[in-house]
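Any value given below was found using the heavy atoms of this structure, including those in side chains, with hydrogens, waters and symmetry copies removed.
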Amino acid sequence: MLDTILPLSRNELKYVRSLALKKVRDAEGVFVAEGPRMVEALLGAVACRMLLVHNDLLEADTAHYAELVQTGRVHTLRSLTTMQADQASSLRAPQGIVGIFKQSAYTLEAALRWPEEGLCVALDGVQDPGNVGTILRTAAWMGIRGVVLSTTSADPFAPKTVQATMGALAHLPVLTTSLPEYLSALPATTPVVGTSLDGENLYAATLPQRGIVVMGSEGRGLTVEVQQHLTQRLRIPTFPANSPTAPESLNVATATAIVLGEMRRREGSR
């Protein structure tokens with residue numbers, strides 16, 4: 001089996017490295033995921049254009065990788081030397097497995113239906129890839145219908161974002177678009193919930209079972225353009241009530257988890 005697997009060529013390595021650039025990823029319609037756990041979480045749920053595996057890993061589990069190709073879960077399989085594994089990886093500690101997967105392609109029309117079908121999340125200028133990836137991971141866990149990202153938010157298919165999702169992209173529809181235009185196109189009856197220091201206490205407010213929860217950046221919060229579309233403002237209270245807090249705001253990924261967790265708790269208790 002190992003003799004039939006072609007080694008990664010110089011041009012293929014150059015291609016893999018070029019995917020660090022957003023314009024190349026978008027043009028090719030792909031993203032890169034690394035590591036055994038991440039790749040396995042995506043295989044089968046997301047089309048894998050190419051899988052690169054270190055020679056030692058291939059030798060240790062030849063049958064498994066052969067099956068991936070035979071069943072069509074992997075289109076192209078290539079072997080890596082240690083030097084190539086280092087060069088192909090964006091991680092500080094390369095794990096010897098790199099997968100190139102097809103990006104999900106959702107239309108604006110499809111995304112406009114998500115809030116009618118369930119609870120959604122929108123991100124307004126959340127620029128940290130780790131936060132965006134963690135929010136996507138949380139949203140997948142909470143059964144969120146889909147996530148809409150503003151064009152000023154971090155790319156959900158950037159390597160750092162993908163690694164932070166821990167495979168959530170296999171189960172969660174995402175779309176990057178103009179958030180004000182998206183919200184403007186929604187029916188007037190769609191609940192649009194945002195967090196704000198002057199909002200209702202999260203734990204005392206009436207919460208919707210469908211609609212959109214909009215989260216803004218930690219530095220500036222929600223933009224004025226997005227605030228104009230809110231139908232409800234929520235505040236996560238400090239404990240004890242009115243106690244002084246650290247100068248920095250609550251981490252946006254943590255805040256998202258708190259809000260979604262409370263909304264799902266209410267839904268389960270009905």
[X], [Y]: one ILVMFWY side-chain cluster at the under-4.5 Å cut-off?
X: Val121; Y: Val226; answer: no
X: Leu179; Y: Val193; answer: no
X: Val24; Y: Leu8; answer: yes

- Note on the structure: Heavy-atom closest pair (Lys102 atom, Val46 atom, distance to 0.1 Å) is O-CG1, 3.3 Å

Any non-hydrogen side-chain atom of [X] less than 4.5 Å from a side-chain atom of [Y]?
X: Arg210; Y: Leu119; value: no
X: Ile144; Y: Thr138; value: no
X: Glu67; Y: Arg73; value: no
X: Asn131; Y: Asn251; value: yes
X: Met38; Y: Gln95; value: no
X: Gln163; Y: Pro129; value: no
X: Leu108; Y: Leu112; value: yes
X: Arg78; Y: Thr76; value: yes

[X] [atom1] to [Y] [atom2] distance, which is reported to the nearest 0.5 Å:
X: Glu28; Y: Asp26; atom1: CD; atom2: CG; value: 10.5 Å
X: Glu34; Y: Ile97; atom1: CD; atom2: CD1; value: 10.5 Å
X: Asp56; Y: Thr82; atom1: CG; atom2: OG1; value: 6.5 Å

- Under the ring pair (Phe, Tyr, Trp, His ring centres under 6.0 Å) rule, collect the residues that match up with Phe31, sequence neighbours excluded. Phe101, Phe157

- Ignoring hydrogens and angles, tell me if any N or O in the side chain of Arg25 forms a donor-acceptor pair with the backbone of Ala20 under 3.5 Å. yes

- Query: Sub-3.5 Å donor-acceptor pair from the side chain of Asp124 to the main-chain atoms of Leu222, do we have one?
  - Reply: no

- Message: Per the ring pair (Phe, Tyr, Trp, His ring centres under 6.0 Å) rule, what does the pair list look like for residues 172-209, sequence neighbours excluded?
- Response: none

- Message: Less than 4.0 angstrom from a charged side-chain N to a carboxylate O is my criterion; do Arg113 and Glu109 meet it?
- Response: no

